[in-house]
Visitor: 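Please read through the structure below; I'll follow up with questions.
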There are 2 protein chains.
Amino acid sequence: MQNSNHPIPTVYDVAERAGVSRGTVDRVLYQRGRVSEQSRQKVLRAVEELQYKPNSNASRLARKKEYLFSCIIPQFNEGEYWGEINNGFLEAAALLSERGVRLRLHFYDQTDVKSFLAESNAALDDKPCGIIMNAVFRDEVTLFSQQLDELGLPYAFIDNKIDETHYALYYGVDPYKSGELGAWLLSLRFPPKEIALVRLLRDSSQRADPNRPRRHGFTDYINEHFPDSTVHTVFIDPKDSCSTQKTLEKFFAAHPGIKHICMTNSRIFLLEQYLREHPDPERIVVGFDELKHNLKCLERGYVNVLVTRHIPEQSKLLLTDFAESVISRRAPKRRDHYVHMDILTRMNLDNY
Amino acid sequence: MQNSNHPIPTVYDVAERAGVSRGTVDRVLYQRGRVSEQSRQKVLRAVEELQYKPNSNASRLARKKEYLFSCIIPQFNEGEYWGEINNGFLEAAALLSERGVRLRLHFYDQTDVKSFLAESNAALDDKPCGIIMNAVFRDEVTLFSQQLDELGLPYAFIDNKIDETHYALYYGVDPYKSGELGAWLLSLRFPPKEIALVRLLRDSSQRADPNRPRRHGFTDYINEHFPDSTVHTVFIDPKDSCSTQKTLEKFFAAHPGIKHICMTNSRIFLLEQYLREHPDPERIVVGFDELKHNLKCLERGYVNVLVTRHIPEQSKLLLTDFAESVISRRAPKRRDHYVHMDILTRMNLDNY
DNA sequence: TTTATTAGCGTGCACGTGCACGCAATTTCT
DNA sequence: AGAAATTGCGTGCACGTGCACGCTAATAAA
């Protein structure tokens, strides 16, 4: 329903108004080739007066240009954190496909630096126009980003980042604050005396500890607000549910005063069996991240609160934003996007 | 980076493979005109084998078709609830403009049935391909939707709906559940004895009460879980902050035992002055909806919890989904979208 | 002054689809 | 049997842009 006095202007209209040809308008708009200053001004004025915007459909049809982005993220099993991130990328890629955006995925092993190096090289071989990655291996990622800087290839971080690099974009939560929020929620109902902080046994080969900032946010909050409380740390083996069970039994038997339990990584669901077999209506359990298993635990009442955000949303927004900025050759309005932290309980679990 | 063995197929490829001309392929794909059953089958097979998908850019360029949607929503002032809804619509419209989607907005006066009737007629005059509205005046909206049914015009509800109509799509919260959630949060820290439920004085001309379901969710939860508590209702005048102040002073002076305050509409910010002038660290205040004024109150500690959702997101998603379904001439996958309710506190206020 | 060079500019083709027109073959009507 | 209508199908043009080619006139070099 376009006003007939003002049909959408085309290059022809601009050219006519400026008294030049389409080609000249094109050269002015895209700084290709040689145009006299006089014509340039006339064209720019005409563009302004007519409010000319190139027809993006015609433009993409004519150009047939593709924008390839390479993602380098950790391997995952169905339903895990990085699987959700991956879903967000795929969703965004589907939406952006008609704009010529293509995606290539590279998965590395979080316990193996070499696999990261291999995949980052493979990503370069794609000749992409942008790279998305996360930063588990700080040194290697720093080096890689220097390489990208030299090549003039823009890159973006998802989930965690390295501040010293020249990344174009970042989407993720503020891990320290999420830890504080978890601590606040844990202590909301009644002040904690003894707290269990459950952690994961890690391969000695895993140098990086991506969970540190959140854990510190958690412990700092507790220490500041409840200086008289004690935080007991217990380690479980994520690969061995049997030993996990025994470890927990022993641990909680030794500390019967514990009414507050928290896990600052995304695997609170590993406690399910123990929590089910040792019900306690007074106990408060706080976990992080909306993995399907975690949501189940919340629904069944084993876990009281999850601190999370819509995980796929975060990667979806990142790719959309990144592609937009690369295509339009403009820096994004904002560089750091700390996504909102949701508080999830049994009461607002639906429709998440 | 397309595999050179499989360039993206075009109608020409399909036509060649099927041994017919482009025109025939076109007729098969869009059921226009006369095709022999034999050719039809050949074309369909070729489409399947080549995985042909029409190039949407070329298609839109050639068609130049516009899809006009008319929205009928309440008038608002900057920063109010419907203003946020409106922002979501505008955001979606901007994104969808290159797909030929246009938007026409109609604002009516929530206290005046006639203005709704006028605007709904105006919306029809637009000759849109879809209508979006909310349902304050139940009878009139029901009649209007019957009219739309007869015209075969699809319509969608935002924020609230009328179940008996044949709406195509709905996005909103479950108001009853949001009320329950508010009650749960209000009673989380310690069990309530006396509760203040602050309500708004309403024009006698306002027949509808869009806030009822949420209020009932709230009171039902309280009555069920805290049968010994009493809910005191107090009415304030949203247009007169001076009288509001006096009313509240008198009310709370008469009920000094009240430690729990809730407003089930979106205007908890109206209590700001009272709460500021009568601080009480023990008191719990729960409100709804992320209006800018409300967020301020949360930040400054006058309000403890807001139950909300990202308001513009809801209208943005609705328009996107609705346009998608109208353009593709397919019913949406899901009809009712109860958006997730966020719990907002001082601790997770950032980046919302 | 003549020739080579380059600045400035116009034009034609391609991109893939939608749609209208019209031709040939077949069927129906008179 | 001849005219009229209908079925089945191919073709041409338009949509608005990107880009390469090549022309003209001005300028620099010989």
Side-chain angles (χ1 to χ4, degrees), chain A residues 2 4 6-44 46-47 50-67 97-100 102 129 327-329, chain B residues 2 4 6-44 46-47 50-67 97-102 327-329:
Chain A
Q2 183 67 21
S4 56
H6 299 290
I8 294 174
T10 70
V11 243
Y12 290 94
D13 300 318
V14 175
E16 192 185 359
R17 180 143 193 151
V20 297
S21 77
R22 294 164 36 227
T24 304
V25 175
D26 184 65
R27 277 182 281 268
V28 172
L29 289 177
Y30 299 108
Q31 290 108 36
R32 78 170 114 256
R34 311 148 300 193
V35 185
S36 71
E37 186 54 28
Q38 195 189 12
S39 309
R40 225 180 71 85
Q41 290 307 331
K42 281 194 292 185
V43 167
L44 290 177
V47 165
L50 295 175
Q51 283 287 308
Y52 169 75
K53 297 268 179 304
N55 179 320
S56 50
N57 290 305
S59 170
R60 285 191 293 256
L61 174 61
R63 263 201 293 184
K64 282 179 71 80
K65 173 150 186 174
E66 301 211 329
Y67 299 90
S97 70
E98 61 181 33
R99 296 211 210 165
R102 302 283 173 270
C129 60
I327 292 175
S328 69
R329 281 167 250 152
Chain B
Q2 184 67 23
S4 57
H6 299 290
I8 294 175
T10 71
V11 244
Y12 289 95
D13 300 318
V14 175
E16 192 185 359
R17 180 145 192 148
V20 297
S21 76
R22 296 166 35 228
T24 304
V25 175
D26 183 67
R27 276 182 282 267
V28 171
L29 289 177
Y30 299 107
Q31 290 107 36
R32 80 171 112 253
R34 312 148 298 194
V35 186
S36 72
E37 185 54 27
Q38 196 190 9
S39 310
R40 223 180 74 84
Q41 291 304 333
K42 282 193 292 185
V43 168
L44 289 178
V47 166
L50 294 175
Q51 283 287 309
Y52 169 76
K53 295 271 181 302
N55 178 319
S56 50
N57 290 305
S59 169
R60 285 192 292 257
L61 175 61
R63 265 204 290 186
K64 282 179 71 78
K65 174 151 185 173
E66 302 213 326
Y67 298 91
S97 70
E98 61 182 34
R99 296 211 210 164
V101 172
R102 301 285 172 271
I327 292 174
S328 70
R329 282 166 248 150

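Atom set for the values below is all heavy atoms of this structure, side chains included, hydrogens, waters and symmetry mates excluded. Because the structure is predicted, anything quoted here is derived from the model rather than measured. In what follows, chains are A, B, ... by sequence order, proteins preceding strands, each numbered from 1.
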Visitor: Would you mind reading off the distance between A:Ile327 atom CD1 and D:dT17 atom C1', rounded to a whole angstrom?
Guide: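 Computing the A:Ile327:CD1 to D:dT17:C1' distance gives 16 Å.
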Visitor: With heavy-atom distances below 4.5 Å as the criterion, would you say the side chains of A:Arg99 and A:Arg60 are in contact?
Guide: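 When only atoms from C-beta onward are counted, A:Arg60 and A:Arg99 do touch, with a gap below 4.5 Å.
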Visitor: Are any non-hydrogen side-chain atoms of A:Asn55 and B:Leu61 less than 4.5 angstrom apart?
Guide: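 Yes, close enough: below the 4.5 Å cut-off.
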Visitor: For A:Gly19 and for B:Tyr30, find the nucleotide of DNA chain C with the closest heavy atom, then tell me which residue's nucleotide is more 5'.
Guide: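 Nearest-nucleotide comparison on DNA chain C picks A:Gly19.
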Visitor: Whether A:Thr24 contacts C:dG10 is assessed here as follows: a side-chain N or O lying under 4.0 Å from the phosphate OP1 or OP2. Is that the case?
Guide: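 Yes, A:Thr24 has a side-chain N/O under 4.0 Å of OP1/OP2 on C:dG10.
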Visitor: Looking only at the side chain of B:Arg34 (C-beta and beyond, no hydrogens), which of the listed nucleotides D:dG16, D:dG8, C:dG8 gets closest?
Guide: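 That would be D:dG8.
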Visitor: Considering only heavy atoms from C-beta outward, does the side chain of A:Val28 approach that of A:Leu44 to under 4.5 Å?
Guide: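 They are in contact (side-chain heavy atoms under 4.5 Å apart), so the answer is yes.
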Visitor: Output yes when at least one side-chain N/O atom of A:Ser39 is less than 4.0 Å from OP1 or OP2 of C:dC9, else no.
Guide: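 A:Ser39 to C:dC9 OP1/OP2: side-chain N or O found under 4.0 Å.
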Visitor: If the cut-off is 4.0 Å, is A:Lys64 near the phosphate of D:dT17, judged by side-chain N/O to OP1 or OP2?
Guide: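 For D:dT17, OP1/OP2 do not have a side-chain N/O of A:Lys64 under 4.0 Å.
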Visitor: Rounded off to whole Å, could you give me the CZ-to-C1' distance for the B:Arg60 and C:dG16 pair?
Guide: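 Taking atom C1' of C:dG16 as the reference, CZ of B:Arg60 is at 13 Å.
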Visitor: Rounded off to whole Å, could you give me the CZ-to-C1' distance for the B:Arg27 and C:dT17 pair?
Guide: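 Distance, rounded to whole Å: 14 Å.
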Visitor: Can you work out whether B:Ala58 or B:Arg40 has the more 5'-proximal nearest nucleotide on DNA chain D?
Guide: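 Here B:Arg40 is the residue nearer the 5' end.
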Visitor: Looking at side-chain heavy atoms only, is the closest gap between A:Val25 and A:Tyr12 below 4.5 Å?
Guide: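 Not touching, per the 4.5 Å side-chain cut-off.
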Visitor: Quickly work out the B:Gln31 CD to C:dG18 P distance and round it to whole Å.
Guide: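 Value for this atom pair: 13 Å.
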Visitor: Taking CD in B:Glu37 as the centre, count heavy atoms belonging to other residues, nucleotides or ligands within less than 6.0 Å. Is the count above 12?
Guide: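 Atom CD in B:Glu37 is packed in, count exceeds 12.
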Visitor: Could you tell me whether the phosphate oxygens of C:dA14, OP1 or OP2, come under 4.0 Å of any side-chain nitrogen or oxygen in B:Tyr12?
Guide: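 Answer no for this pair, as no side-chain N or O of B:Tyr12 is under 4.0 Å from OP1 or OP2.
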Visitor: Starting the side chain at C-beta, find the nucleotide from D:dC13, C:dG10, D:dG18 nearest to B:Arg22.
Guide: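 Out of D:dC13, C:dG10, D:dG18, the nucleotide with an atom closest to B:Arg22's side chain is D:dC13.
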Visitor: What is the distance, rounded to the nearest whole Å, between atom CD of B:Glu98 and atom P of D:dG16?
Guide: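 So the two atoms are 16 Å apart, to the nearest Å.
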Visitor: Just the rounded figure in Å: distance from C1' of D:dC19 to CG of A:Leu61.
Guide: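 Result: 14 Å.
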Visitor: Counting side-chain heavy atoms from C-beta on, which of C:dG22, C:dT17, D:dG18 comes nearest to B:Asn55?
Guide: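 Within the option list, the nearest is C:dT17.
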Visitor: Just to confirm, is there a sub-4.0 Å distance from OP1 or OP2 of D:dC15 to any side-chain nitrogen or oxygen of B:Lys65?
Guide: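 So the side-chain polar atoms of B:Lys65 never come under 4.0 Å of the phosphate oxygens OP1 or OP2 of D:dC15.
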Visitor: Can you check whether B:Asp13 reaches B:Thr10 side chain to side chain, under 4.5 Å on heavy atoms?
Guide: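 Yes - at least one pair of side-chain heavy atoms lies under 4.5 Å apart.
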Visitor: Give the rounded distance in Å between these two atoms: CZ of A:Arg63 and C1' of D:dG16.
Guide: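 Whole-Å distance recorded here is 13 Å.
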Visitor: Looking only at the side chain of B:Val20 (C-beta and beyond, no hydrogens), which of the listed nucleotides D:dG10, C:dT17, C:dA14 gets closest?
Guide: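 My answer, after comparing the listed nucleotides, is D:dG10.
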Visitor: Does D:dG16 have OP1 or OP2 sitting under 4.0 Å from an N or O in the side chain of A:Ser59?
Guide: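 Answer is no, no contact under 4.0 Å.
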Visitor: Rounded to whole angstrom units, what separation is found between the NZ atom of B:Lys42 and the C1' atom of D:dG10?
Guide: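 Atom NZ in B:Lys42 sits about 14 Å away from atom C1' in D:dG10.
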Visitor: For the side chain of B:Ser36, counting heavy atoms from C-beta on, which of D:dG8, D:dG10, C:dG8 is nearest?
Guide: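 It is D:dG8.
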